[in-house]
There are 2 protein chains.
Amino acid sequence: MSQTVDRALSILPLLAQGPADLGQVAERLGVHKSTALRLLRTLHEHGLVYRQQDQRYRLGARLFALAQEAVENLDIREIAHPHLVALNEEIGHTVHLAVYEEGEVLYIDKVESRYPVRMYSRIGKPVAITVAAVAKLLLADLPEPERRALAAKLDYPPYTPRSTPDAAAFLKELATVREQGWATDLGGHEESINCVGAPVRGADGRVAAAMSVSAPNVVVTAEELLTLLPLVRRTADAISRDYSGKDRT
Amino acid sequence: MSQTVDRALSILPLLAQGPADLGQVAERLGVHKSTALRLLRTLHEHGLVYRQQDQRYRLGARLFALAQEAVENLDIREIAHPHLVALNEEIGHTVHLAVYEEGEVLYIDKVESRYPVRMYSRIGKPVAITVAAVAKLLLADLPEPERRALAAKLDYPPYTPRSTPDAAAFLKELATVREQGWATDLGGHEESINCVGAPVRGADGRVAAAMSVSAPNVVVTAEELLTLLPLVRRTADAISRDYSGKDRT
DNA sequence: ATGGGTGTTGCAGTATGTGCAACACAGGAG
DNA sequence: CTCCTGTGTTGCACATACTGCAACACCCAT
């Protein structure tokens with residue numbers, strides 16, 4: 001829509017792959033060096049780009065700061081956090097909160113061990129969308145056509161023998177999840193890790209986020225983990241109530 | 001330098017504070033709504049901005065992806081990582097790697113517990129620059145005038161009674177660090193946490209990064225932690241050798 | 001129905017970004 | 001030491017592409 005901005009922003013993913021010098025940037029953008037220079041300068045002023053000693057450019061620190069701030073200000077996250085902590089204190093296992101956004105599933109909070117330590121361990125990383133319990137919950141609620149379209153264009157990496165093999169199996173799984181209102185990942189991503197998850201719903205009844213509890217099966221067998229399901233669902237419902245209660249001003 | 005891009009980028013920090021609608025964005029930018037709309041659209045196309053159901057804009061997922069990729073591609077980080085893991089395996093405590101960039105200190109890697117789990121727990125967050133061992137190491141190596149200027153404009157929050165109180169004390173501490181070639185943070189940030197750190201130097205001898213080992217003093221007393229210093233320095237030196245050896249193509 | 005509040009579109013004018021060409025500066029080769 | 005090639009940088013004239021306007025579309029509340 002805006003050519004200048006479009007060009008400037010195209011520089012970011014380009015630099016994400018690794019540092020580049022002015023010439024390279026100009027070439028890959030298909031513009032004159034002087035143009036690239038001015039764009040880079042502007043990005044630099046905003047801290048999105050950094051110039052290292054060898055004069056090459058790479059992504060700058062502000063980017064991290066922005067990403068961080070953005071996560072912290074997600075209202076669902078803010079509302080959910082105390083609930084996650086409470087659940088974690090009760091059962092001790094790792095608790096995740098995730099949202100769906102334009103074809104991706106993102107972890108936006110995580111509580112682990114006994115401390116309320118926030119490790120945004122996987123933020124930005126492609127979540128194992130075809131197997132993670134939270135992903136199933138989020139995708140199961142998409143409108144039919146969108147869900148089909150997405151399922152069709154996904155890859156189905158065989159992380160383990162139990163991973164979802166293809167679109168057909170995935171859609172079937174999603175139907176189940178949709179119906180039962182909760183989801184699991186039993187060794188679908190990593191052989192020894194099981195998860196149980198439940199959806200958080202907004203005022204409109206649609207799934208706004210999903211939470212899950214994960215534990216390695218050396219600590220808890222899958223069956224034992226499933227006994228926690230009522231607790232997980234209760235927590236998710238509590239978050240839903242909080243979330244749909246107050247309107248987000 | 002480039003007005004259009006400048007305006008577009010100004011939207012990001014604005015949205016980082018929380019979602020905003022078109023009117024608010026336009027007003028805070030001081031431009032017409034239609035202008036703001038086009039800028040937001042462009043940002044949206046690049047995934048930097050996301051539009052929620054209520055039509056308000058907030059920062060988008062791509063931002064996280066970019067930040068993540070950027071961190072993973074930092075060459076120092078890549079080189080240092082195996083060393084950090086090795087050190088961690090030997091001593092068991094948390095190991096951090098940090099760099100300095102335009103007035104800020106950033107953690108770019110962390111190894112904790114026995115697993116090589118990467119938790120970018122603090123990336124983007126303002127590091128406690130006045131007390132952290134890694135910050136001292138990085139700032140101690142700045143050219144004199146820059147160091148003074150920076151020290152003068154910093155805040156000196158009294159996290160604990162042992163925190164660096166003011167610029168004078170900080171500069172003195174930096175001088176010590178510079179001379180001895182290592183640094184500590186003994187309860188300066190959190191009462192019960194101690195750190196020991198050492199610098200990583202590039203081919204030009206300047207400090208390119210800094211690493212530290214942290215442990216709560218319920219586990220290890222400050223004195224015991226200091227006995228690890230030789231090991232820490234050896235690791236830092238090993239990284240320095242690796243780093244200055246190969247030129248970064 | 002009616003009104004105020006949004007977000008959206010097409011358009012004309014010109015501010016703004018563009019590419020060029022010349023310059024500055026470095027490092028390497030001879 | 002000098003030349004030379006490869007960088008990054010600057011000033012400028014041109015016209016592209018961005019801007020603000022005003023009119024429209026839409027939704028919700030009154």
Side-chain angles (χ1 to χ4, degrees), chain A residues 1-12 14-15 18-60 75 102 202-206 244 246-249, chain B residues 1-12 14-15 18-60 75 101-102 143 202-206 244 246-249:
Chain A
M1 289 270 132
S2 166
Q3 188 188 64
T4 316
V5 177
D6 186 51
R7 285 174 172 169
L9 296 182
S10 303
I11 293 177
L12 298 178
L14 194 155
L15 290 185
D21 62 30
L22 180 60
Q24 295 171 319
V25 172
E27 190 195 12
R28 300 196 54 180
L29 277 188
V31 299
H32 194 97
K33 280 189 304 177
S34 59
T35 305
L37 181 65
R38 253 167 319 107
L39 296 177
L40 282 165
R41 282 228 183 101
T42 314
L43 289 169
H44 180 86
E45 269 179 16
H46 286 259
L48 298 184
V49 139
Y50 175 69
R51 193 155 205 192
Q52 30 188 44
Q53 276 96 355
D54 60 0
Q55 300 229 89
R56 292 190 305 165
Y57 294 91
R58 56 172 190 74
L59 295 182
D75 46 352
E102 304 190 17
D204 54 2
R206 298 218 35 211
S244 50
K246 57 182 70 168
D247 61 353
R248 339 146 202 182
T249 38
Chain B
M1 288 271 134
S2 166
Q3 190 188 64
T4 316
V5 178
D6 185 53
R7 285 173 170 168
L9 297 183
S10 303
I11 293 177
L12 298 178
L14 194 156
L15 291 185
D21 63 30
L22 180 62
Q24 295 170 320
V25 171
E27 191 196 12
R28 299 196 54 180
L29 277 188
V31 299
H32 193 95
K33 279 188 306 174
S34 59
T35 305
L37 181 66
R38 253 167 317 107
L39 297 178
L40 282 165
R41 281 230 185 101
T42 313
L43 289 169
H44 180 86
E45 268 179 17
H46 285 258
L48 297 184
V49 138
Y50 175 68
R51 194 156 202 191
Q52 29 189 42
Q53 277 94 356
D54 60 0
Q55 300 229 89
R56 292 190 306 166
Y57 294 92
R58 57 172 190 73
L59 295 182
D75 45 352
E101 180 177 323
E102 305 190 18
D204 52 2
R206 298 219 34 211
S244 50
K246 57 182 73 169
D247 60 352
R248 337 149 203 178
T249 38

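Proteins come first, then strands; the chains are lettered A, B, ... in the order of their sequence lines, and each starts at number 1.
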Trainee: Between D/dT10 atom P and B/Met1 atom CE, what is the distance in whole Å?
Mentor: 8 Å

Trainee: Counting side-chain heavy atoms from C-beta on, which of C/dT18, D/dG8, C/dG7 comes nearest to A/Gln55?
Mentor: D/dG8

Trainee: I need the CD-C1' distance between A/Glu27 and D/dG8, as an integer number of Å.
Mentor: 16 Å

Trainee: Under 4.0 Å between a side-chain N/O of A/Arg7 and OP1 or OP2 of C/dG17, yes or no?
Mentor: no

Trainee: To the nearest 0.5 Å, tell me how far A/Thr42 OG1 sits from B/Arg7 CZ.
Mentor: 12.5 Å

Trainee: For B/Ser2 and C/dG17, is the shortest distance between a side-chain N/O and OP1 or OP2 below 4.0 Å?
Mentor: yes

Trainee: Which distance, rounded to the nearest 0.5 Å, do you find between the CG of B/Leu29 and the OG1 of B/Thr35?
Mentor: 9.5 Å

Trainee: Do B/Leu39 and B/Thr4 have side chains that get closer than 4.5 Å, going by heavy atoms?
Mentor: yes

Trainee: Between A/Arg41 and B/Ser2, is there a side-chain heavy-atom distance shorter than 4.5 Å?
Mentor: no

Trainee: Between atom CG of A/Leu43 and atom CE of B/Met1, what is the distance when rounded to the nearest 0.5 Å?
Mentor: 13.0 Å

Trainee: Check if the side chain of A/Thr35 and the base of C/dG17 share a donor-acceptor pair of N or O atoms closer than 3.5 Å.
Mentor: no

Trainee: Output the single nucleotide from D/dT10, D/dT19, D/dG8 whose closest atom is nearest the side chain of A/Leu22.
Mentor: D/dG8

Trainee: Can you measure B/His32 atom NE2 to C/dT8 atom C1' for me and round it to whole angstrom units?
Mentor: 10 Å

Trainee: In whole angstroms, how far is the P atom of C/dG7 from the CZ atom of B/Arg56?
Mentor: 11 Å

Trainee: Measure the spacing between CG of A/Leu40 and CG of A/Leu22 and express it to the nearest 0.5 Å.
Mentor: 6.5 Å

Trainee: Both B/Lys33 and A/Val5 contact DNA chain D. Taking the nearest nucleotide for each, which residue is further toward the 5' end?
Mentor: A/Val5

Trainee: Roughly, in whole Å, what's the span from CG in B/Asp21 to P in C/dT8?
Mentor: 11 Å

Trainee: Please state whether the phosphate of D/dC18, meaning OP1 or OP2, lies under 4.0 angstrom from any side-chain nitrogen or oxygen of B/Arg41.
Mentor: no

Trainee: Can you check the A/Tyr57 OH to D/dT7 P distance for me, whole Å?
Mentor: 14 Å

Trainee: Between the side-chain atoms of A/Thr4 and the base atoms of C/dG17, is any donor-acceptor pair under 3.5 Å?
Mentor: no

Trainee: Please encode protein proximity along nucleotides 25-30 of chain D as a string of B, S and -, counting only heavy-atom distances under 4.0 Å.
Mentor: ------

Trainee: Between P on D/dC18 and CZ on A/Arg38, what's the gap in Å once rounded to a whole number?
Mentor: 12 Å

Trainee: Check the distance between C/dG17's P and A/Leu37's CG and give it to me in whole angstrom.
Mentor: 14 Å

Trainee: State whether the number of non-hydrogen atoms from other residues, nucleotides or ligands found under 6.0 Å of A/Glu27 atom CD is greater than 12.
Mentor: no

